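See structure below.
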Amino acid sequence: MEKAQVNEWKEKLPFIEKVIAGEEVLWLNPLVESTSTGLPKTGVTAENVKDASDRLKRFASYIERVFPETIATKGIIESPITAIPNMKEALAVQYGTEIPGNLLLKEDNALPISGSIKARGGIYEVLIHAETVAIEHGLITTADDYAKFADLEFKELFANYKIAVGSTGNLGLSIGIMSAKLGFNVTVHMSADAKQWKKDMLREKGVTVVEYADDYSKAVEEGRRQAEADPSCHFVDDENSLDLFLGYAVAGERVATQLKARGTVVNKDNPLFVYLPCGVGGGPGGVAFGLKLAFGDAVHCFFAEPTHSPCMMLGMMTGLHDQISVQDFGLDNKTAADGLAVGTASGFVGKTMEPLLSGCYTIGDETMFKLLKLLTDTERIKLEPSALAGMTGPVQVIRENVNNATLANATHLVWGTGGSMVPEAEMDLYYGMSGK
Ligand SMILES: *Cc1c(COP(=O)(O)O)cnc(C)c1O
């Protein structure tokens, strides 16, 4: 984008100055509307999400068979919701803002198989591809027991097929681990900022890792180019995949079941606020979509982005979505938050969520590290830095009393997006990064 255009945007939306200055800001989406009118505008339906949910149930017997850590949940890949009352008190002290409602943490850090939110969409997309190929070859029907996917004939079939993905790390882990387990030939194209331990772990599991000196967008672009040249290769398109989105969206009905089980009421008078760390947008977008399906107007969803990478906020604010980058506005897209260092948001997710998202806010890296230490100290829960981006949401939203966020019977659900795969030594380094 030309400099003149940036200046035009500054005049039109003075708020943008604060975003460009790297301040921690809350932006409320003026286009959010009632779920009853907003959902039909998206082109994604409840049936689409139900189809994904049913597919994950079909695969549960297979998942349980090959990933014993899922035996307790009978092959359903799900994480607990945990109350964090000590953190709630600590946040109130830290920010001088009471949090009158309930504060809960969705522990996707503890998701089995790949330890991050990517175990929802990423694994789902690999499963749907495996199912499609197996049905095409007459190896299975949807009425069969999918535990058969662990049989040798499936592995032999999938060895003729390739799966590729571009990733800063966590998506690569999910796609790589699941694809390799099924027997696919899988390549993960990784950006320069991807951690060494993630590359090592993938290579150990038989995944081909290709490294790039550039950022995430370049790794994705190159991965896509190579995959397109090969008809036997399925490219997982983090920027445009409906399947990824649907895999994430299944979380909505699961959260509804979990909240009900713990006696947390959600309705118009007992609103639910959800804070989701956002990179390219598929994970938080899909989850928020599923939550809107499950709770309608009783849920208010917010995306959290690093102050250096607010691609979704800028894309939605200007309505230009994937036509602009944070670099266009002079931001450097440099953040320690793995998975959130994304300069250009998914246009598909931005447009889909336009009528449904309540807002976006930004958070500085220092704040994420401070909160990482605080959560470890108060609750003994270890998250990776990105996963803390959701944690200032309640403070931001309560300060401005958005949608009656100050109600004592409101529930604030912070989505902890990852952590359990991070090696102990790495986690200790994160803990030590806090200046306080
Ligand atoms: C990928 C990721 C996100 C964001 O998901 P997107 O689909 O990229 O928006 C948030 N937190 C963690 C830990 C992630 O790995």
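From a predicted model like this one, the values you see are computed outputs, not experimental measurements. Atoms within a ligand are numbered from 1 in the order they appear, just like the ligands themselves.
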Next on the checklist: Using ring centroids (six-membered ring only for Trp), state whether F302 and Y361 fall under 6.0 Å.
Outcome noted: no
Next on the checklist: Other residues, nucleotides and ligands only: do more than 12 of their heavy atoms fall within 6.0 Å of NZ on K260?
Outcome noted: no
Item to check | Backbone of P277 reached by a side-chain donor or acceptor of S386 within 3.5 Å | outcome: no
Are any protein N/O atoms closer than 3.5 Å to the N/O atoms of ligand 1? If there are, list each pair with names and the distance to one decimal place.
| from | atom 1 | to | atom 2 | distance (Å) |
| --- | --- | --- | --- | --- |
| ligand 1 | 7 (O) | G282 | N | 3.2 |
| ligand 1 | 7 (O) | G283 | N | 2.7 |
| ligand 1 | 8 (O) | V280 | N | 3.1 |
| ligand 1 | 9 (O) | G279 | N | 2.8 |
| ligand 1 | 9 (O) | V280 | N | 3.2 |
| ligand 1 | 9 (O) | G281 | N | 2.7 |
| ligand 1 | 11 (N) | T417 | OG1 | 2.7 |
| ligand 1 | 15 (O) | K118 | NZ | 2.7 |
| ligand 1 | 15 (O) | N170 | ND2 | 2.7 |

Item to check | N-O pairing of R254 and E78 below 4.0 Å | outcome: yes
Checklist entry - Should E354 and K41 count as an ion pair when the cut-off is N to O under 4.0 Å? => result no
Checklist entry - Quick check, are the ring centers of F245 and F348 under 6.0 angstrom apart? => result yes
